[in-house]
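What you see is a predicted model, and the numbers here were worked out from it, not measured in a lab.
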Amino acid sequence: DVDVAQTDARVFGGGAQDNGTLLTTTGALDDAFELLGGDGGWMVVDPREAGHIYASYQFGGMYRFRNNTFRKVSPPFKPAESGGMWMVYIAFDPNDQNTVYTGNHCVYRTRNDGVSWDKITPVLDGSPISAIEIAGPQSKHLYVGTENGSFFRSLDGGATWSANLASGVLPGVMITRIATQPGAPNSVFITSANSGNRHVFRSTDAGSSWTDIDGGKLPDLPHHALLIRPDKPSELYVCNDAGVYLTADGGLTWRNATGKLPMVMVVDLVYHRASKTLYAATYGRSIWKAVLA
């Protein structure tokens, strides 16, 4: 993956599987260093504090870096609820920098910056959690996707949870990313990792029903991430095994935005708002960036 500090664009990096988690604090990739070893997994930077970072490695191992110190903050995952788990998804609460979400077959939350974790769901569908989105006023809307393609939601900050809302529209394969429309927490988009079907879907009712907005216009390849541009919410970017694609009309039309990226899997997208820069993480060909109009 890739993440960038919203308060300092010189700070960015990501998990590099066999090569640990790599980070630069100068903005130069040739100045990157290994922040954490092992199989570099998900890494997230607090959008309010460039030096506040969560990084992870295989099977849910996790460290928190803050104020020039680090602490192991691995959640207390039970082996019986972790089958098939390799890398875990991590997400900061947009309204509280000490609240972070992750999961194995269940969703876990810390409200004290990793000192302790609470399990806030039962086992969902028996597969690892693959995507988490926190949205809405006071972070009441929580959305979760799994490797089996299930979709769950809570509209009360995690107190209660829905059944699987994937219905017959979603393809029943890994949900790779979830994003909500800025200012509209019931407007939800997802990408899926399947081939031989559609790959991008939208819900306007918090996941109760779904619409295919791929429409066969996108390459029939696994899609790995999506990004709604916060300063231009009509622009939706997705990335897949063939590059980066963009729609500005809700999926009626798509255009190839890959540009000069190498012909390789693009696995993550992050937007730096102040500089209007889109960052793309590739599988094996580093991190790239482009300034958008």
Side-chain angles (χ1 to χ4, degrees), residues 42 44 46-47 54 56 60 62 73-85 87-192 201-211 226 228:
W42 208 255
V44 290
D46 184 345
Y54 276 67
S56 61
M62 195 178 302
V73 292
S74 304
F77 291 154
K78 296 179 179 179
E81 299 172 347
S82 301
M85 183 182 70
M87 297 296 175
V88 298
Y89 194 96
I90 309 171
F92 272 104
D93 187 320
N95 293 306
D96 182 356
Q97 65 185 138
N98 291 315
T99 297
V100 178
Y101 292 81
T102 189
N104 51 358
H105 294 180
C106 316
V107 178
Y108 280 74
R109 176 174 61 197
T110 176
R111 284 176 161 162
N112 52 19
D113 205 16
V115 175
S116 63
W117 295 85
D118 297 311
K119 185 170 69 172
I120 63 170
T121 71
V123 171
L124 294 176
D125 69 358
S127 72
I129 289 165
S130 54
I132 301 170
E133 170 78 348
I134 307 106
Q138 293 82 48
S139 303
K140 293 296 186 182
H141 289 62
L142 307 179
Y143 299 110
V144 174
T146 72
E147 289 189 8
N148 279 353
S150 301
F151 182 91
F152 301 87
R153 75 176 182 210
S154 172
L155 303 181
D156 53 15
T160 60
W161 289 85
S162 71
N164 179 13
L165 299 175
S167 70
V169 178
L170 302 187
V173 297
M174 181 191 292
I175 293 174
T176 50
R177 198 61 51 87
I178 306 170
T180 49
Q181 194 84 23
N186 290 328
S187 183
V188 189
F189 296 79
I190 71 161
T191 49
S192 67
F201 300 85
R202 177 183 62 205
S203 173
T204 58
D205 52 15
S208 294
S209 61
W210 294 96
T211 301
L226 76 157
I228 302 169

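- Side-chain atoms of P182 and I228, non-hydrogen and from C-beta on, do get closer than 4.5 Å to each other.
- Looking at W161, its side chain does come within 3.5 Å of a backbone N or O of I120 through a donor-acceptor pair.
- In this structure, Q97 and F92 approach most closely via the heavy-atom pair O-CE2, 3.5 Å.
- Using modelled atom types, one side-chain atom of Y54 and one backbone atom of G114 make a donor-acceptor pair closer than 3.5 Å.
- For S56, there are no side chain to side chain donor-acceptor pair (under 3.5 Å) partners, not counting sequence neighbours.
- Residue pairs satisfying the ring pair (Phe, Tyr, Trp, His ring centres under 6.0 Å) criterion with at least one member in residues 122-146, sequence neighbours excluded, are listed as follows: Y143-F151.
- Here the closest heavy-atom approach between residue S150 and residue N164 is recorded as OG-ND2, 3.2 Å.
- Of all heavy-atom pairs between G157 and L142, the closest is C-CD1, 3.6 Å.
- Counting only residues at least two apart or on different chains, the salt bridge (Lys or Arg N to Asp or Glu O under 4.0 Å) pairs with a member in residues 163-178 are R177-D268.
- The backbone N or O of S127 sits nowhere less than 3.5 Å from a side-chain atom of T146 that would complete a donor-acceptor pair.
- Taking F201 as the reference, nothing meets the ring-ring contact (aromatic ring centres under 6.0 Å, His included) condition, with sequence neighbours excluded.
- Residues meeting the side chain to side chain donor-acceptor pair (under 3.5 Å) test with S130, sequence neighbours left out: none.
- The side chain to side chain donor-acceptor pair (under 3.5 Å) check on D93 picks up S139, with sequence neighbours excluded.
- Applying the side chain to side chain donor-acceptor pair (under 3.5 Å) test to D96 and every residue at least two apart in sequence or in another chain returns T99.
- Contact check for I190 versus W210: side-chain heavy atoms found under the 4.5 Å cut-off.
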Apply the test side-chain contact (heavy atoms from CB on, under 4.5 Å) to residues T102 and I90: give CA-CA distance (whole Å), side-chain angles for both, the deciding distance (0.1 Å), then the verdict. CA-CA 5 Å; T102 189; I90 309 171; 4.1 Å; yes
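- Residues I178 and V188 meet the side-chain proximity criterion, which asks for heavy atoms closer than 4.5 Å.
- Evaluation of the salt bridge (Lys or Arg N to Asp or Glu O under 4.0 Å) test over residues 114-133, restricted to residues two or more places apart or in two chains, returns E81-K119.
- Shortest non-hydrogen contact noted between S82 and N104 is OG-ND2, 2.9 Å.
- Shortest non-hydrogen contact noted between A166 and G149 is CB-O, 3.5 Å.
- Sorted by first and then second residue, the salt bridge (Lys or Arg N to Asp or Glu O under 4.0 Å) pairs with a member in residues 143-163 form an empty list; sequence neighbours excluded.
- Y101 is not listed as a side-chain neighbour of V144, based on a closest heavy-atom distance of 4.5 Å or more.
- Pairs engaging residues 104-124 under the ring pair (Phe, Tyr, Trp, His ring centres under 6.0 Å) rule: F77-Y108 [sequence neighbours left out].
- Legend: residues meeting salt bridge (Lys or Arg N to Asp or Glu O under 4.0 Å) with D113, ordered by chain and number and at least two apart, are R64, R66.
- Side-chain N or O atoms of S203 include one that pairs as donor or acceptor with a backbone N or O of S209 at under 3.5 Å.
- Nearest heavy-atom pair across P185 and T180 is O-CG2, 3.8 Å.
- Using modelled atom types, no side-chain atom of S187 and backbone atom of T204 make a donor-acceptor pair closer than 3.5 Å.
- By the ring-ring contact (aromatic ring centres under 6.0 Å, His included) test, W42 pairs with Y89, sequence neighbours left out.
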